[in-house]
Every structure is written in structure tokens, then in C-alpha cells.
Protein chains: 2
Amino acid sequence: MPVTVLLVDDEPLVRAGLRAVLEAQPDIEVAGEAADGAAVIPLVRQLRPDVVAMDVRMPLLDGIEATRALLRTVPDPPKILVVTTFENDEYVYEALRAGADGFLLKRARPAEIVHAVRLIAEGESLLFPASVRQLAAEYGEGGGNRAARAALERARLTEREGEVLRLMARGLSNAEIAARLVVGTETVKSHVSAVLAKLGARDRTQAVITAYESGFVAPG
Amino acid sequence: MPVTVLLVDDEPLVRAGLRAVLEAQPDIEVAGEAADGAAVIPLVRQLRPDVVAMDVRMPLLDGIEATRALLRTVPDPPKILVVTTFENDEYVYEALRAGADGFLLKRARPAEIVHAVRLIAEGESLLFPASVRQLAAEYGEGGGNRAARAALERARLTEREGEVLRLMARGLSNAEIAARLVVGTETVKSHVSAVLAKLGARDRTQAVITAYESGFVAPG
DNA sequence: AACGGGTTCCCCCGCACGGGGGAGACGATC
DNA sequence: GATCGTCTCCCCCGTGCGGGGGAACCCGTT
């Protein structure tokens with residue numbers, strides 16, 4: 001019996017693409033589609049798919065919340081394959097923590113997508129497939145992203161430093177951060193210096209860039 | 001006789017999606033696919049499609065360069081429909097300047113995609129379809145984002161200012177930007193000041209944040 | 001009791017940054 | 001020919017930023 005898949009993505013184009021790729025396989029069947037996370041749970045109850053291919057960024061209810069809700073409320077839940085555009089999307093880690101079984105880049109080749117669905121269905125977990133890195137490398141130069149993540153991993157920011165970085169990434173000056181945290185500006189300067197040193201950033205702008213590139217903060 | 005379309009996108013998934021959507025129409029035919037801008041010109045010569053549906057962001061040769069090269073080297077060139085993820089992608093404007101005939105968001109509904117291809121094929125130009133804004137609005141709340149986008153729309157950065165902002169968003173100092181652009185630091189300071197004023201940013205950090213939030217630059 | 005990490009605050013200092021102003025050169029438009 | 005926008009470069013000037021130190025306090029571990 002075939003593997004059944006529920007497609008969840010707010011872009012009809014991506015759904016159509018996934019459907020085209022997956023339906024070309026004799027052993028895979030697309031059970032249905034949903035355009036946002038809110039529609040997933042009833043559909044899963046109804047269709048009982050083996051795998052849910054879920055986008056992370058969606059209106060109304062995003063992929064993480066949907067994953068959490070799904071695992072919490074549906075008995076014997078399907079495997080969840082997170083499909084995302086960006087390799088370093090902060091949501092990826094959250095999604096995995098939320099209970100997703102694997103994730104896949106949208107720019108993966110069809111054969112990889114099919115392979116991922118089969119693996120997930122068999123109960124394997126799928127993280128950072130090697131080929132994904134190659135694909136990313138094609139974009140050359142943009143290695144900045146992985147570097148950013150590495151920087152942030154090495155960083156091990158303290159809680160306070162994290163707060164400060166987040167406020168920096170909202171455009172606040174040292175004085176404004178000080179006011180917000182109810183401390184002196186000298187204190188903020190200490191934290192900022194620590195953040196810069198740990199991130200290997202020369203100035204606050206570079207720190208904020210690293211914050212965005214690593215997914216520590218996200219646009220939107 | 002049907003409208004023939006060449007699909008150019010580095011993501012096989014998107015190509016498959018476009019193919020599925022377009023081939024469902026009796027009057028539209030997908031003539032072929034290409035994964036990057038470099039492959040477009042020979043394919044256009046060979047297939048002579050009516051429309052090229054072209055992604056903006058691609059490895060090797062991006063959509064703008066490909067558009068320019070196409071219009072420069074191929075006699076009686078096809079219509080070019082730029083397909084992009086972000087509404088305010090900096091490349092969109094460049095692509096239109098390069099000679100593209102219209103652009104479309106990837107999150108458009110299938111009917112809109114089909115409509116766009118037909119319009120373009122008929123020689124109409126297609127810019128900022130109204131429905132696109134509605135779709136963007138669905139993402140609600142991303143208020144910060146919309147504000148950033150609005151700031152960038154109001155901004156109307158010149159080409160040079162755009163370049164400078166992009167380099168700012170890569171963490172370069174004024175001196176480094178000057179070296180990169182082969183101009184004086186005073187010149188860069190002028191551009192930076194113009195960018196800050198137009199974006200309503202107090203310092204370069206805020207400008208970079210706006211760049212990320214508006215999609216002018218994207219992580220990854 | 002001693003230690004280390006985290007948070008808080010202080011000093012001095014150099015400099016890149018950003019505001020405010022002006023100005024010349026070029027091309028497109030009127 | 002005049003005008004406008006863009007790009008280029010120059011001046012002065014104040015200050016926020018970041019480096020390099022030091023030091024106190026709390027708290028959990030050793």
C-alpha cells in the first residue's frame with residue numbers, strides 16, 4: 001500500500017509542485033492539501049495521512065504551531081516533514097523541537113524530495129541531508145549564512161547578552177537599551193562589547209546582520 | 001495555436017509547480033525548463049517560446065542578467081515574466097528596467113499565474129496586480145514588516161543608494177564601501193546619509209534592519 | 001572559604017559615524 | 001539654454017560607539 005501524504009503550504013504553486021513530484025511515484029499518494037496550519041488538524045483526522053509535508057512560514061498558524069498542535073491533539077499522529085526555503089531558518093530548529101521528524105529544502109531535487117518522504121514514512125529522521133549543503137554551496141559566497149550560524153553557536157551568549165542583541169536588532173541605541181532594561185548605559189556597553197566579541201562582529205551593525213543571518217531574529 | 005512557455009527557476013519544485021499549473025490549460029504549453037540563467041539563451045534560440053517565466057534569484061546567472069543578455073542577443077525575443085518570492089525584491093525593479101514585461105509573486109493563485117502568462121503573451125505588461133497586495137495582507141500582523149516595506153516604497157532609492165544599502169547590509173564600513181565602489185569615503189557618506197533620510201533610519205543599523213524586514217535583502 | 005560566571009557600574013580614549021552645509025560635473029528633460 | 005536629478009567630493013563639528021582596562025556584587029559550585 002502506498003505512502004499517503006498531506007501537503008501543507010500557503011503557496012498553491014509549491015503544493016502543485018510537490019503534488020507533481022510525488023504523484024509521479026507509484027508508491028506515493030497525495031491524500032490532500034491545506035493552505036495554512038489551521039486547516040491541518042481536521043484534515044489529518046479525516047485523511048489520516050502517513051506523512052505531512054509542512055511549510056514553516058504560513059499565515060494564521062505557522063508550521064511549528066501546527067506541528068505542536070498536531071502532536072498534542074491527534075492520537076497516532078503522522079510523520080511530519082518540514083519543508084522550508086531557507087537552510088538556516090530559525091523555525092527549523094523550533095520545528096524539530098516541536099516534534100517534526102525531518103526537514104527538507106524547497107530547492108532540493110525531486111529525487112531527494114521523494115527520498116525524504118519515503119525515509120520519513122519508514123520512521124527514519126532526516127536532518128541536513130548532505131546534498132543540501134552542496135546545493136547551498138552553489139550559491140557561492142552566501143556562505144555567510146553558515147558562518148553566521150557557526151558564530152552564533154560558538155557564541156554561547158548569556159541570557160542578558162541575548163536580550164541586548166535582540167534589542168540591538170530592533171534598532172535601539174545603547175541609551176535606549178539601558179532605559180528598556182533599567183540599567184546604566186555603561187552596563188549596556190559591557191554587554192554589547194561581549195556580544196561583539198563573541199560573535200566576531202566589528203560593530204553593532206555586523207552583530208545585527210549575524211542575528212538575522214543565523215535566524216536568531218527573523219524578518220516578519 | 002497555444003502559448004508556449006519556457007520555465008526558468010533553480011528550484012525544480014517551482015518548475016514542477018508552474019508546469020502543473022500551466023499544462024492544465026489547453027491553450028498553454030510548456031516548451032521546456034532551465035535551472036539557471038546561463039542555460040536560457042540557447043534554449044530560447046532552440047525552442048523559441050512566446051513567454052519566459054523567469055526566477056530572479058538564481059545561481060550562476062540571475063534573472064536580471066539573463067533578461068538583459070536575452071534581449072541583447074536574441075532577435076525577436078520572447079516576453080519575459082519575472083517570477084519572484086518577495087513583493088519588494090530589489091531585483092524586481094532592476095528586472096523591469098532590464099526589459100522584463102511583468103512580474104508575478106510565487107504565492108499567486110494558479111488562476112492568476114495562468115492569467116499573467118496569457119496577458120504577457122498578448123503583449124500586455126503586468127505590474128503589481130491588485131490581488132497581490134491582498135495576498136500580502138493575509139500575512140497580517142507582520143506590521144513591522146509592512147512598515148519596513150512602506151518605508152522602502154516611499155524611499156525610492158537611486159541605483160547607487162541601493163548598492164550602498166546592500167553593502168551596508170553586508171556589514172561593510174563606509175571606508176570599505178568606498179573601496180568597493182572605487183569612490184571617496186565622503187561620497188559614500190553622502191549616499192549613506194541619503195539612505196538614512198529616505199528610510200527614516202537614525203543610523204546604519206536601523207537601515208540594515210529595514211533592509212532585512214522589507215525583503216530588500218534576505219537571509220540565506 | 002575559595003572560586004568562577006554573570007551582571008552591574010566606572011574610568012580614559014580614539015575614531016568612525018552622521019548632521020549640516022556647499023559645490024562641480026554629467027545626462028536627461030523641458 | 002535652463003532645469004532637475006544623480007553622482008561625486010569637500011569642509012566643520014558633535015557624539016555615540018567600541019576598545020581596554022578595573023571593580024564591586026550575587027550566586028552556585030567546589
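Naming: A, B, ... by sequence-line order, numbering from 1 per chain. As a basis for the values below, the full set of heavy atoms in this structure was taken, side chains included, without hydrogen atoms, waters or symmetry mates.
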If every non-hydrogen atom of A/A207 is compared with every non-hydrogen atom of A/A201, which pair is closest and at what distance?
N-CB, 3.6 Å

Specify the separation, in whole Å, of atom CD of A/E159 and atom C1' of C/dG5.
14 Å

Within this structure, what is the CD-to-P distance between A/E163 and C/dG6, rounded to whole angstrom?
14 Å

Residues in side chain to side chain donor-acceptor pair (under 3.5 Å) contact with A/R180, at least two apart in sequence or another chain
none

Any A/R204 side-chain heavy atom under 4.5 Å of A/N174 side chain:
yes

Find out whether B/R45 and B/P42 are in side-chain contact, i.e. whether some heavy atom of one side chain is under 4.5 Å from a heavy atom of the other.
no

Okay, side chain of [X], backbone of [Y]: is any donor-acceptor separation there less than 3.5 Å?
X      : Y      : answer
B/T205 : A/G171 : no
B/R118 : B/D27  : no
B/R170 : A/I209 : no

Spacing of CD belonging to B/E161 relative to CG belonging to B/L196, to within rounding of 0.5 Å
10.5 Å

List, with names and distances, any nitrogen or oxygen atoms from the protein found under 3.5 Å away from nitrogen or oxygen atoms belonging to nucleotides 16-18 of chain C.
| from | atom 1 | to | atom 2 | distance (Å) |
| --- | --- | --- | --- | --- |
| C/dG18 | OP1 | B/R204 | N | 2.6 |
| C/dG18 | OP2 | B/R204 | NH1 | 2.9 |
| C/dG18 | N7 | B/K189 | NZ | 3.1 |
| C/dG18 | O6 | B/K189 | NZ | 2.7 |

Output one line per pair: protein atom, nucleotide atom from nucleotides 8-10 of chain D, and distance, for all N/O pairs under 3.5 Å.
| from | atom 1 | to | atom 2 | distance (Å) |
| --- | --- | --- | --- | --- |
| D/dT8 | OP1 | B/R160 | NE | 3.4 |
| D/dT8 | OP1 | B/R160 | NH2 | 2.8 |
| D/dT8 | OP2 | B/R160 | NE | 2.9 |
| D/dT8 | OP2 | B/H191 | NE2 | 2.9 |
| D/dC9 | OP2 | B/G184 | N | 2.5 |
| D/dC9 | OP2 | B/T187 | OG1 | 2.5 |
| D/dC9 | O5' | B/T187 | OG1 | 3.2 |
| D/dC9 | N4 | B/S190 | OG | 2.8 |

